[in-house]
Amino acid sequence: MTDANPGAQTFTLDRVVIGFEPGQTVLQAATRAASYIPHLCWHPGFPAHGSCRLCGVKVDGHVVCACTLQAVQGMVVQSNTDELNAQRKKMLQMLFIEGNHFCPSCEKSGNCLLQATAYAMGMEAPHFEEFYPDRLVDASHPDILLDFNRCILCALCVRASHDVDGKNVFAIGGRGIASRLLVNSESGTLADTSMTLQDRAASICPVGVILPKRRGFAVPIGQRRFDHRPVSEPEPGEGP
Ligand code: SF4
Ligand code: FES
């Protein structure tokens, strides 16, 4: 199998030839070629953040993040291996126990990147002991609900609010296990920010933290994005 762009430079991803344009990362080129590399904090509309580490691939014996790795002519990249997928599964299990994820009652179930990626990596149980952290729900805003229990700290809302909306509604505070998402207002609540439902930040969350109020389950379970296609398969219109 080869990429549709014969003039491009190429690297191999799990022995599949992938074309790329100069300046593209391995994850960008792979996504364009409809080759799946698991990822959580990367979004095609934003610069790479490099925080979730799920996109780790092996090049020359070293594990590096595909979302920040510049593609190089002739590079040999391994991604879909038992070793890397076992590491990804462990990272996903850690993410599940660090927050409070009750998928059957979550409005994002079936549209959730964390849930879909866990399925793709064959995760059937959290494996580790749950932390059950004490996290808030912020229902102060008239149109938007924040359920911090599900936050995976991908920082996409931080970037969308700053880069696209020209606001600074969100920030990540603390370090390590104490890291958490903060709302930038004097009261610390969303009602005291300028955020609106039209903001890019209101629709960017890959999990079920930032949700519009009064729109619960408008699309029934069973008819959502990942109910039809696993995350490893591109959406119609994506890919080569
Ligand atoms: Fe990411 Fe959503 Fe948490 Fe923002 S609220 S950091 S978009 S998981
Ligand atoms: Fe690369 Fe998160 S997608 S580190």
Side-chain angles (χ1 to χ4, degrees), residues 13 24-31 35-59 62-71 77 79 84-85 87-88 90-92 94-96 98-101 103 106-109 111-118 120-121 133 135-139 141 144-165 167-174 178-184 188-190 193 195 199-212 231-232:
L13 172 64
Q24 275 190 321
T25 63
V26 166
L27 186 52
Q28 282 174 324
T31 301
S35 289
Y36 175 62
I37 297 176
H39 58 271
L40 287 175
C41 70
W42 181 76
H43 184 290
F46 294 90
H49 193 241
S51 58
C52 76
R53 320 298 292 176
L54 215 76
C55 67
V57 292
K58 217 169 203 182
V59 179
H62 300 286
V63 178
V64 278
C65 288
C67 67
T68 52
L69 178 66
Q70 293 288 310
V77 182
S79 174
L84 289 170
N85 286 337
Q87 286 174 14
R88 290 170 179 141
K90 204 168 276 183
M91 289 179 212
L92 287 159
M94 292 300 297
L95 282 171
F96 270 89
E98 279 170 15
N100 295 309
H101 299 273
C103 298
C106 180
E107 154 58 22
K108 204 67 184 259
S109 185
N111 285 326
C112 172
L113 190 60
L114 178 68
Q115 181 192 49
T117 308
M121 292 297 105
R135 295 210 197 148
L136 293 173
V137 173
D138 179 346
H141 193 284
I144 301 164
L145 177 76
L146 295 181
D147 188 337
F148 293 103
N149 288 291
R150 303 161 181 157
C151 185
I152 57 171
L153 297 172
C154 68
L156 275 168
C157 59
V158 178
R159 290 177 275 162
S161 182
H162 180 268
D163 300 355
V164 182
D165 304 329
K167 305 176 183 178
N168 274 308
V169 171
F170 298 105
I172 306 268
S179 297
R180 62 197 175 99
L181 185 68
L182 303 169
V183 173
N184 269 329
T189 61
L190 197 64
T193 69
M195 184 159 178
D199 287 1
R200 185 67 184 99
S203 60
I204 194 77
C205 183
V207 295
V209 181
I210 307 172
L211 296 170
V231 67
S232 53

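Atoms within a ligand are numbered from 1 in the order they appear, just like the ligands themselves. Start at 1 with the first residue, then count along the sequence. Since we're looking at a predicted model, the values are computed, not measured.
- Annotation for Y36 and T117: closest pair OH-CG2, 3.7 Å, computed over non-hydrogen atoms.
- Of all heavy-atom pairs spanning C41 and R159, the tightest one is O-NH2, 2.8 Å.
- Of all atoms in ligand 1, numbered sequentially from 1 with element shown, those under 4.0 Å from a heavy atom of V207 are 8 (S).
- Against a heavy-atom cut-off of under 4.0 Å, S51 is close to the following atoms of ligand 2: 4 (S).
- Remark: ligand 1 atoms within the under-4.0 Å shell around heavy atoms of V209 are 5 (S).
- Protein heavy atom nearest atom 6 (S) of ligand 1, with residue, atom name and distance: A155 N, 3.3 Å.
- Contact check for I210 versus M195: side-chain heavy atoms found under the 4.5 Å cut-off.
- At least one donor-acceptor pair closer than 3.5 Å links the side chain of R150 to the backbone N or O of G208.
- Distances below 4.0 Å separate heavy atoms of W42 from the following atoms of ligand 2: 3 (S).
- Looking at atom 1 (Fe) of ligand 1, its nearest protein heavy atom turns out to be C154 SG, 2.3 Å.
- The distance from ligand 2 to the heavy atoms of H39 drops below 4.0 Å at these ligand atoms: 3 (S).
- Against a heavy-atom cut-off of under 4.0 Å, C55 is close to the following atoms of ligand 2: 1 (Fe), 3 (S), 4 (S).
- Residue side and main chain included, C151 places no N/O/S atom under 2.8 Å of atom 2 (Fe) of ligand 1.
- Near G50, with a cut-off below 4.0 Å to any heavy atom, the atoms of ligand 2 are 4 (S).
- Contact annotation: the side chain of C154 never approaches that of L40 to less than 4.5 Å [non-hydrogen atoms, C-beta and beyond].
- Short contacts between ligand 2 and R53, defined as distances under 4.0 Å to a heavy atom of the residue, involve ligand atoms 2 (Fe), 4 (S).
- At a heavy-atom cutoff of 4.0 Å, ligand 1 is contacted by no atom of V158, backbone or side chain.
- With 2.8 Å as the limit, C67 counts as an N, O or S neighbour of atom 1 (Fe) of ligand 2.
- Using a non-hydrogen distance threshold of 4.0 Å, A201 does not register as a contact of ligand 1.
- If you number the atoms of ligand 1 from 1 as listed, the ones under 4.0 Å from a heavy atom of P206 come out as 7 (S).
- Of all the atoms in ligand 2, the ones that sit under 4.0 Å from a non-hydrogen atom of C52 are 2 (Fe), 3 (S), 4 (S).
- Annotation for ligand 1: atoms under 4.0 Å from non-hydrogen atoms of C205 are 2 (Fe), 5 (S), 7 (S), 8 (S).
- Of the listed residues (A160, C157, S203, S161), the one carrying the non-hydrogen atom nearest atom 7 (S) of ligand 1 is C157.
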